[in-house]
Amino acid sequence: MKHDFKQIEKKWQDKWESEHIFEAQDNSSKPKFFGLVEFPYPSGSGMHVGHIKAYSGLEVVSRKKRMQGYNVLFPIGFDAFGLPTENSAIKFNTHPRILTDANIEKFTNQLKKVGFSFDWTRTIDTTEESYYRWTQHIFLELFKNGLAYRDTALVNYCPHCKVVLSNEDSQGGKCDICHNDIVQKSKDVWYLRITKYADRLLEGLESVDYLPQVKQQQVNWIGKSTGAFVNFRVGNTDETLRIYTTRPDTLFGVTFMVIAPEHPMLERCRDKITNFSELEAYREECAKKTEFQRTQLNKDKTGVRIDGICGINPLNNKEIPIYVADYVMMGYGTGAIMAVPAHDERDWEFAKKFGIDIIEVIKGGDISVEAYAGDGEMVNSDFLNGYNNKKDSIKRMIEYLEEKGIGEEGVQYKMKDWAFNRQRYWGEPIPIVHCEHCGMVPVPEEELPLRLPDVKNFEPGEGGESPLAKIPEFVNCKCPVCGKPAKRETDTMPQWAGSSWYFLRYVDPKNDKCLADPEKLKYWMPVDWYNGGMEHVTRHMIYSRFWHKFLYDMGEVNTEEPYAKRTAQGLILGPDGEKMSKSRGNVVDPNEVVEQYGADVLRTYILFMGDYGAAAPWNENSIKGCRRFLDRFCGLTELVKGEGVTPELEASFHKTVKKVNLDIDEMKFNTAIAAMMTLINEIYEHGSLTRDELLTFAGILCPFAPHAAEEVWEVMGGKGLCSVSEFPTWDEAKTEDKSIEIVVQLMGKLRGKIVVPADISKDDAIALAKEAVASQLEGHTVVKEIYVPGKLVNLVIK
RNA sequence: GCACCAGUGGCGGAAUUGGCAGACGCGCCAGACUUAGGAUCUGGUGUCUUCGACGUGGGGGUUCAAGUCCCUUCUGGUGCACCA
């Protein structure tokens, strides 16, 4: 039989669909498996081979689990709100709804052609009213619980996209969407109080099975540090300058203080400051720099001394100068620091440049050359003198500070509250009404969904104003509380909103009473295995964990963590070894591969390329190896003789079944495929196999190349569908060889090989080994004999 | 700058975690079948001065034994980046 993929693929895809074999059953008595892949953004350019790789991993796992008797939920959907669609709708003068529907249809067709075993009855689309109604519900819950608030703040603004971006979306000073420079702008925006959950997001990592690098990135992102807040009196004023430090033990080494240019104390002390105009000029200069520039120019420190006021060290009442410098950020800690140049690199540089004293308080370095951040004996530090480790001296200092009421232990996070809004059309409307009398009022739950008005013109406003603000029918409303005329919030939610809870909706996608039935959640949650890209580890994953924990607190979900396990696939690089991109022209279109080689070859090749978690370049030639493999697999039908097992191949089958089984669980798909290739080579060498053996082969291959497996299964008269047949199992005893080859080494060098019974004793093995290398032992004495059972004998000679 | 990961034939990559380096695939070489071969089949294929020696980025070390462990150094990738 030939691998005639054009004939068989559609046939089996239709069959799977009509037999409903991939549909998950609610409340089944079988063990459940919830496998989740990151749902795609349905862009106009269609699917990318990267999508196929991202889904193929759990596709294989899910198919195997299903064959092993699990009730599998392996869903797919579309994360369809967002700027690219909106921008292209503006460009082509159409509506994002039309584009979204067309793109979803395109993606659906492409995914089906690859033969993924998704449950297509549970598909979701975040832009559907029946979906975003619940996204709005969650927002209202957050609002009612004080976790959604408005605040004026310096925000990252993209002049090109005309939107405010979160810190996460503007990393490196570039807009995540259009890659243009972002600027700082003062604006009244929505925030979600994710910082309130910082500790729990951190602690929760201990109970989940994420890849170590995934955990590490989340830990870094949350950026927890412990230290102390210390209050410094400001000389010549009534002010207190509060600082945060992780090294309160170095307090006797403070020789100056620094505040951020935006620090409010400057205005408050305006009268006392004698060089205010100079400071103002510096502040304006800093405001011109983007945050990116400010952090990039970290070599050369700038700053201005504040004249007329000074700081007072609370420990010894010494007067110290205060500077304004932009190496201190208003957004972290208190926006003010105590500077200890002897033991902090940044403070050291600043002190050198401005000629400030450097006082050593920890022995161990040479502070005339560089700052010393290591551990050592405390000196010049009054009651701390003689302490010789950081931990104890910090502890003692905090005790002292708290005793004297000049400071206290404190915790800081790098993570900031989540800027939660976009001033664009294609997003979930924020369901809030602004009433002159009642303030911000939530839209009543029964009025949800608050629909996006259907309008022709949805171009963004000039000043970063939402297009919804230009629609009077949308804006003008009655206050739900007092009934007087009021105005609607016109911002929409950011892209990350819909994806922050989508996995919950798969559990119960059509529910119109709640986001998902609690009984069904209890059965399906948590997600057993979530696979996706490393790029979503700090944003999507942290946001969704935050929402999930909140919903847990509200009693709407039953698990505190949404994902029990998280893995990540590596990128597929272009044939040139570079990241695939349209501009480089090295993008591989999965459709063309399906057309030319078939879905099974595409799937097999993508998993055979290399380590699933590592990046690997696409190689057109290597695909042929996988095609040959599947051709040869189909060709096995010609070699079938009889039923039962072939004694010569029996052990190979058991070994391969075992390896494929174990490798799939560890995502070692490349070696699983290699093992099947080895088996097929052995079968061809042997010249024949039995019908049962071929059915077994079809079974282990099925998760990778399901169409070919089904076809062979049918031709060989297998019962029912291969995709729902029992996944082959192995007999451990039959994987063990009766005779084994043992390596004989002299001084660790390979000198011979012997074939011995598997259960040979140590003495016998060594005796045989000596015999095998007898000629080389002549004239030497064996001083040491090493025997590794089943592996080798190593003789050390003199 | 800091942290983490990686570096193995002409190429993609294996190596049961300290025990035969190079599985499997591509490519290449030779042969078979062919009007033809970018199809298929068979055999070969780490390097060299080939009954031997060398060989997992470089240098050093531990060990009977090192791709694997330790130290050092170079290169590449990813993340964080003046976080007090």
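In what follows, chains are A, B, ... by sequence order, proteins preceding strands, each numbered from 1. Computed from a predicted model, the values in this text were never measured in an experiment.
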Who pairs with B:A53 - Watson-Crick or G-U, where each distance is under 3.5 Å: B:U47
From B:C64, B:A84, B:C82, nucleotide with atom closest to A:Asn794 side chain: B:C64
A:Ile683 CD1 to B:C24 P, straight-line distance once rounded to whole Å: 15 Å
Base paired to B:G25 (Watson-Crick or G-U; both N/O distances under 3.5 angstrom): B:C11
Could you pull out the protein-nucleic contacts involving nucleotides 5-12 of chain B (nitrogen or oxygen on both sides, under 3.5 Å)?
unit_1, atom_1, unit_2, atom_2, d
B:G12, O2', A:Met609, O, 2.8

Pairing of A:Glu620 and A:Arg627 as salt bridge, 4.0 angstrom limit: no
Distance, P atom - from B:A15 to B:G76, rounded to whole angstrom: 27 Å
Closest-nucleotide ordering on RNA chain B, the 5'-leading residue of A:Gln412 and A:Cys626: A:Cys626
Between B:G13 and B:U73 - P atom distance, rounded Å: 28 Å
A:Lys655: salt bridge (Lys or Arg N to Asp or Glu O under 4.0 Å) partners, not counting sequence neighbours: A:Asp737
P spacing across the pair B:U75 / B:C69, given as an integer number of angstrom: 22 Å
Between B:A15 (P) and A:Leu662 (CG): distance, integer Å: 13 Å
Proximal nucleotide (of B:A65, B:A15, B:C26) relative to the A:Lys668 side chain: B:A15
Contact under 4.0 Å: A:Asn621 side-chain N or O vs B:G25 OP1/OP2: no
For B:U50, glycosidic torsion class - syn if within 90° of 0, otherwise anti: syn
Given B:C54, B:U78, B:A14, the nucleotide with the shortest approach to the side chain of A:Gln217: B:U78
Side chain of A:Tyr327 - closest among B:C82, B:G19, B:C20: B:C82
Residue pairs passing the side chain to side chain donor-acceptor pair (under 3.5 Å) test where at least one lies in residues 751-761 of chain A, sequence neighbours excluded: A:Arg751-A:Gln776, A:Ser761-A:Asp764
Show me the side-chain donor-acceptor pairs of residues 629-637 of chain A shorter than 3.5 Å, one per line, residues at least two apart or across chains.
unit_1, atom_1, unit_2, atom_2, d
A:Arg632, NH2, A:Asn681, OD1, 2.9
A:Thr637, OG1, A:Met1, N, 3.0
A:Thr637, OG1, A:Cys634, O, 2.8

Donor-acceptor under 3.5 Å (A:Asp326 side chain, A:Pro261 main chain): no
Sugar-phosphate, base or nothing in reach of A:Asp347, heavy atoms under 4.0 Å: nothing
Distance-only donor-acceptor check, side chains A:Tyr787 and A:Asp763, under 3.5 Å: no
Atom-to-atom span, CE of A:Met747 to C1' of B:C20 - whole angstrom: 18 Å
Residue A:Ile337, side-chain heavy atoms: nucleotide from B:A84, B:G19, B:C24 that is nearest: B:A84
Atom-to-atom span, CG of A:Asn220 to P of B:A3 - whole angstrom: 12 Å
Upstream residue (5' side of RNA chain B) when A:Gly625 and A:Leu795 are each assigned their closest nucleotide: A:Gly625
Proximity to the side chain of A:Asp611 - top-ranked nucleotide from B:A84, B:A14, B:G27: B:A14
Produce the list of close N/O pairs, under 3.5 Å, pairing protein atoms with atoms of nucleotides 38-43 of chain B; give distances to one decimal.
unit_1, atom_1, unit_2, atom_2, d
B:U40, OP1, A:Arg628, NE, 3.4
B:C41, OP1, A:Arg632, NH1, 3.3

Any A:Leu251 side-chain heavy atom under 4.5 Å of A:Leu401 side chain: yes
Modelled atom types, side-chain donor and acceptor of A:Glu38 and A:His540, under 3.5 Å: no
Sugar-phosphate, base or nothing in reach of A:Glu741, heavy atoms under 4.0 Å: base
Distance in angstrom units between A:Lys659 NZ and B:C24 P, rounded: 13 Å
Syn/anti state of B:U75 by chi, 90° boundary around 0: anti
Base of B:C80 paired with side chain of A:Lys414 (donor-acceptor, under 3.5 Å): no
Donor-acceptor contact present, side-chain A:His654 to main-chain A:Trp730, <3.5 Å: no
Closest nucleotide among B:A84, B:C54, B:C24 to the A:Thr246 side chain: B:A84
Options B:C24, B:C82, B:C80, nucleotide nearest the side-chain atoms of A:Met677: B:C24
A:Asn621 versus A:Lys624, side-chain donor and acceptor atoms under 3.5 Å: yes
Donor on one side chain, acceptor on other, A:Asp663 and A:Thr671, under 3.5 Å: yes
Parallel, tilted or perpendicular: rings of A:Phe256 and A:Phe350 (30°, 60°): parallel
Lys/Arg-Asp/Glu bridge criterion (N-O < 4.0 Å) met for A:Lys762, A:Glu785: no
For B:A65, the Watson-Crick or wobble partner whose two distances fall under 3.5 Å: none
N or O in side chain of A:Tyr244 less than 4.0 angstrom from B:A84 OP1/OP2: no
Nucleotide B:G13, atom P - distance to CG of A:Asp663 in whole Å: 17 Å
Any-strand Watson-Crick or G-U partner of B:U78, both distances under 3.5 Å: B:A3
Test side-chain hydrogen bond (donor to acceptor under 3.5 Å, both in side chains) applied to A:Lys2 - qualifying residues, sequence neighbours left out: none
Whole-angstrom distance between B:G25 and B:U72, as gauged at atom P: 41 Å
Distance test, side-chain N/O of A:Lys784 to OP1/OP2 of B:C64, below 4.0 Å: yes
C1' atoms of B:C28 and B:G46, separation to the nearest Å: 14 Å
Inter-nucleotide C1' distance (B:G19, B:A65), Å rounded: 7 Å
B:G9 glycosidic torsion: syn (within 90° of 0) vs anti: syn
Interatomic distance at P, B:C54 relative to B:A21, whole Å: 12 Å
Nearest-nucleotide pick for A:Arg751, side chain only, options being B:A84, B:A53, B:C24: B:A53
P atoms of B:G18 and B:G67, separation to the nearest Å: 13 Å
Assigned partner base of B:G18, Watson-Crick or wobble definition, under 3.5 Å: none
Rounded interatomic separation in angstrom, taking CD1 from A:Ile786 and P from B:G18: 16 Å
Spacing of A:Phe350 atom CZ relative to B:C82 atom P, expressed in whole Å: 16 Å
